Structure formats: C-alpha cells, structure tokens
Amino acid sequence: ALMYISSCYYAEKKYPEAIAAAKKRVELVTPTGERETVKNARGQLATAYRDGGKIDEAMDLYRALLVDYPELASAYYYGLGICHKTRGNYEKAVAEFTNSQNSATDQSNANTALLEVCDCLLLQQKYSEALAKVRQRMESAAASGDRETERDMKGRLAVFYRDKLDYAAAIPLYEQLLAGWPDNASGYQYGLGVCHKGRGDSEKAAEYFKQSAANAKSPTGGWPPLVEAAACLARQGKAEEGESLIQKAYANYPFAKVEIMLLHAEEMGRYVKDYESSAAILSRLVAQFPDHPLTKTAGRQFLVSALERTGRVDEALEMAKSFLTENATPAEKADNLRRVAVVHLHAMRISEARAILSDLLASHENSTLDKSELVYHLAYCSYFEKDYPGARARFRSLCDDYPDSGFLEAALYMVGDCSVRIGDKQGARDAFNKVISDFPHTDLATRAQERLLELASSNQPESNPVAESSGTKVAQLE
C-alpha cells in the first residue's frame, strides 16, 4: 500500500508526500530482511529523493545501493548520472552514465544511458564528440542487425540536426526512419513537418503534420500536429481550413484544451506573426481557465508579450503588475518583477527597467532567476541609450560569467554589433566568427556572416539586425 501511495504522489509530482511514504515503506520492510522487498523500497526512495530535489540524499542512497545490490549497478549509476546532470555537473554525469551503459544487462538500458551521455556532451557544446558516439553506435547496430538500436540512434541524430536547424541533414534521416520503421510513422512525419516548416515550406509542412495527426497512436499525440498544421495553413492564408483543424483538436482532445490554446496562440504569434489573433486566444484562455496552472504561468506571460506586440503596452504593463500578488512566493514575485522590467524595456522606459533589473540582480533572495537574462536585459538598457561601450561590457560579462546561458549566442552577436559601432573592427570580427563557429545553422550565424562581409567592404550600417530580425534571440526579451 505504501508503495502505491508513494507512486501516486510521485506521478502527481507531490514529491514531499512521495518521499514521506517511501521512507515509511523502507522503515516497515527493512526489519523483515527480505532482500528483494528492501531493495525495491530503497530504490523507490532514491528516485523520490532525486526527482524531489533532495540530491545529496539521493546520491548517498544510490552509492549505498551500489554496494548492497551490485546486480542493479546500471540503474544506480544512471540515477547518479541524473543527479549530477540536474546540478549541471555534466562531466561527472557523463562518467556515471558511461558506467551505466557499460554495466547494463540489456541493450535498451545501454542505449538510454548512451543517449544521456550524448545529451550531457551536447550541453557542454561538445557536438562532434556526441555525434560521433551516436553515429558509431548506429552503424555498429546496423551491421549486427540490431534494428531497435539502429532506430533509436538514427532518431537521436535526426532530432539533433533538427534542433540545430540543419534541416538538410535531418530530413534524409527522418525519411529513412519513415521507410524502415513505419510503425512510428506519426513521430517521423511530425519531425519532417518541423523541418519543412523551418525551411519555409509551409505547404509541405502542413501535409506532414496532417499525416502525423492521422497516424497518431498515443491518446495525447494527435493534437500537437493538428495545431502545427493549422498554423502552416494560416501562414498560407487558409485561415478557415486551419481553424477547422483547431476545432477538430478541441473535439478529439478535450482534456488538452488549455495546452491546445497555448500552442495555437504561440504559433499564431511566433510563426504566423498574427499577434492580434494570438492575444485574442490568450484572452479567452485567461477568461475560461483562470485557475489552471498553465494559465497562471505561461498563459498570462504569453498574453503580456502578445499585448506588447500589438502596441498595447500599457495593458501589458498592467497585466504584468497584476502578477505581483500578496500570495506570491518570493521566487514568483521576482519573476513577475522581471517581466514588468521587460515590458518597460520594450516601451523604451529605460530608467524604470534598469532600476528593477539592477535590484533583482543585486538581491541574493532571488537566486531562482536566470541571472544571465538580467544581465542581458541590462546590456540592452545601455544599448538603447547608445552607450555602446557600456553595452558591450555587459554582453561580454554575460559570455564570460554564464557560458551555459541560453542568451550566449545573442550576447556574442551583440558584442560584435557594439564593436562595430565603436569602431573596433577586429573585436567585431572575433565576435561574429565565434557566433558562426559555436552556433552554426542558426539565423544569427547567417547574420554574423553578412556582417563580416559588410566589414570587409568597410560598410558599417547603423541598423541593428538583431532588433530587426523577428527570428533572433531578441525575442527572448519577451
């Protein structure tokens, strides 16, 4: 009973309750000396500790389990790897996942551990090493006739290239997967839809998304491709046909209505650039499902961004301020203040934005915030005031102090942009070349190449390609 109670709490992500039930189970079964029962109970507790944020407790227990039950070494090494990965210690995570792979008694678990190794290498930007490991395993599996492993590795390669926007490399892999493993057609058709959408071929993307929806076997897998197909149709000016797919998604997946509305609004804004429709969808979401957790977080935040995009800055600011409720936790208040600052920044109210961002950056109580994002926005405060030396210093400090930041690519680009504006051509070349080498196949890499050509011809434009390009990281100001 305690096992099932803990499992239910765990499934609901109620980790303190899951941990409490698992601990009580361990206390109950340990005196019995029944080896299998005690092993399973301690393993459940370790997992609850790990995913419940009790990393030290989880690691101590996994190490003890390794000693007491070496036959399950692969699972315990895997748990240690997840702990290190959660803490951002990717080198140690790679070592533990490698141990898990090497001690695995079945190929499926070995493959899972190998993919975690590759993910950690990718997080360290060791792209070549990660790709080599996956490709080598894929080729050896194909040679030995291990089709399941070949499929898993080929799928991982396809996702990697797709996420790196190298669609020319991803598309053939998805086509091979679709031909060789038709049982998972829906997933591969979805991947092909994403690739063609990224290449700007909305017609072909819409067809693949519709095929993916038709072939979906999972009870939850059919609505995302329907929403994606609707966005592609809207991009082609076929709004009515797209709306019919949205209504189909609502009818077939009523349990996912909030998620459908969120993705629909996001695609209408980000992909179709119809921010009025995006704001209207989000307004309905907030009105119909005010207490849903996604509405309180992503829904309201997306609505603030959509209102800004439609020029209703005052409305956006009032909504952002409305998040600052008395019942909010310190972390929630800090995040809501960050959003208020960003709205001020979009409205070119630089002094108001800088004051809030500086306070947040200086406060040790707000450690849950992404500090690199605060530095990024502060750099833009200086940039918009045409203080290019000050802006460059801020962007550089982000690159130096937060090498794993999601804003790193944009910050590198802006170091180059600011260098151009203060006449430091060599500094600009260095920054643009680093964008190209570290972030190939992205929009900013393409823009950086263009800026290098402009520098070679001594043409230094006054425009800011980052701020003007809707597909770049400046969108992260939202």
Side-chain angles (χ1 to χ4, degrees), residues 107-119 122 127 130-233 235-236 241-242 245-246 248-249 252-253 256 259-260 263-264 266-267 270-271 441-442:
Q107 197 56 60
S108 178
N109 288 340
N111 291 343
T112 300
L114 174 59
L115 292 178
E116 287 288 355
V117 168
C118 294
D119 279 342
L122 293 174
Y127 303 122
L131 285 175
K133 284 182 178 291
V134 175
R135 191 173 293 282
Q136 181 181 15
R137 186 71 191 93
M138 180 184 74
E139 292 171 352
S140 66
S144 65
D146 183 355
R147 284 180 53 78
E148 182 179 348
T149 298
E150 181 188 2
R151 178 201 63 199
D152 291 347
M153 297 300 116
K154 190 168 289 189
R156 186 65 186 87
L157 274 179
V159 171
F160 170 81
Y161 284 125
R162 185 191 76 193
D163 291 349
K164 297 298 290 181
L165 311 184
D166 188 353
Y167 302 123
I171 287 174
L173 289 169
Y174 277 122
E175 290 173 342
Q176 293 167 25
L177 287 161
L178 188 58
W181 292 270
D183 287 347
N184 193 31
S186 178
Y188 306 140
Q189 288 160 340
Y190 187 87
L192 284 164
V194 172
C195 290
H196 287 293
K197 179 184 171 187
R199 295 180 103 177
D201 190 344
S202 59
E203 290 187 19
K204 189 171 286 188
E207 287 306 310
Y208 275 119
F209 284 132
K210 285 191 281 188
Q211 291 172 23
S212 174
N215 291 320
K217 296 178 180 179
S218 164
T220 60
W223 66 263
L226 284 173
V227 178
E228 293 280 9
C232 291
L233 291 168
R235 183 74 175 260
Q236 301 170 51
E241 186 178 350
L245 293 181
I246 295 298
K248 182 178 180 180
N252 293 349
Y253 306 95
E259 290 84 350
I260 292 169
L263 182 59
H264 187 205
E266 182 183 5
E267 289 299 306
R270 182 174 57 85
Y271 182 60
H441 313 301
T442 64

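The shown structure was predicted, so the numbers you read here are calculated from the model rather than taken from an experiment.
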Can you find a side-chain donor-acceptor pair between Gln107 and Asp146 that sits under 3.5 Å?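 Judged by distance alone, the side chains do not pair up.
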
Would Phe160 and Val134 satisfy side chain to side chain contact (heavy atoms under 4.5 Å, CB included), going step by step from the backbone distance to the final call? CA-CA 10 Å; Phe160 170 81; Val134 175; over 6 Å; no

Are any side-chain N or O atoms of [X] and backbone N or O atoms of [Y], one a donor and one an acceptor, separated by less than 3.5 Å?
X	Y	result
Arg135	Leu157	no
Lys217	Ser186	no
Gln236	Ser202	yes
Glu207	Glu203	no

CA sep, side-chain torsions, deciding dist, call: Glu259, Thr220, side chain to side chain contact (heavy atoms under 4.5 Å, CB included): CA-CA 11 Å; Glu259 290 84 350; Thr220 60; over 6 Å; no

Kindly check if the number of other-residue, nucleotide or ligand heavy atoms within 6.0 Å of NZ (Lys154) is above 12?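 Atom NZ in Lys154 is crowded, with more than 12 foreign heavy atoms closer than 6.0 Å.
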
Above 12 or not: heavy atoms from other molecules or residues under 6.0 Å from CD of Glu175?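 It does: Glu175 CD has more than 12 such atoms within range.
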
Name of the residue among Arg151, Gln176, Glu148 meeting side-chain contact (heavy atoms from CB on, under 4.5 Å) with Trp181: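 Looking at Arg151, Gln176, Glu148, the match for Trp181 under the side-chain contact (heavy atoms from CB on, under 4.5 Å) is Arg151.
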
About how many Å separate CG of Leu263 and CG of Leu226, when rounded to the nearest 0.5 Å?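 Here the interatomic distance stands at 10.5 Å.
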
From Leu131 CG over to Lys164 NZ, what is the distance, rounded to the nearest 0.5 angstrom?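 So the gap between those two atoms works out to 9.5 Å.
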
Side-chain heavy-atom pair Arg137, Asp152 within 4.5 angstrom cut-off: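 They are not in contact (no side-chain heavy atoms under 4.5 Å apart), so the answer is no.
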
Any heavy-atom pair between the side chains of Cys232 and Tyr271 that's under 4.5 Å?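 With C-beta onward as the side chain, the pair touches.
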
Parallel, tilted or perpendicular: which one describes the rings of Tyr188 and Tyr174, with boundaries at 30° and 60°?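 Taking Tyr174 first and then Tyr188, their aromatic rings sit tilted (interplane angle of 30° to 60°).
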
Set out, in order, the CA-CA distance, both residues' side-chain angles and the distance that settles side chain to side chain contact (heavy atoms under 4.5 Å, CB included) for Leu192 and Lys204, then state yes or no. CA-CA 9 Å; Leu192 284 164; Lys204 189 171 286 188; over 6 Å; no

What are the two closest non-hydrogen atoms of Tyr167 and Arg162, and how far apart are they?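 Nearest pair, atom of Tyr167 first, then Arg162: CE2-O, 3.7 Å.
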
Centroid-centroid distance, Phe209 to Tyr190, less than 6.0 Å: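 Between Tyr190 and Phe209, which both carry aromatic rings, the centre distance is below 6.0 Å.
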
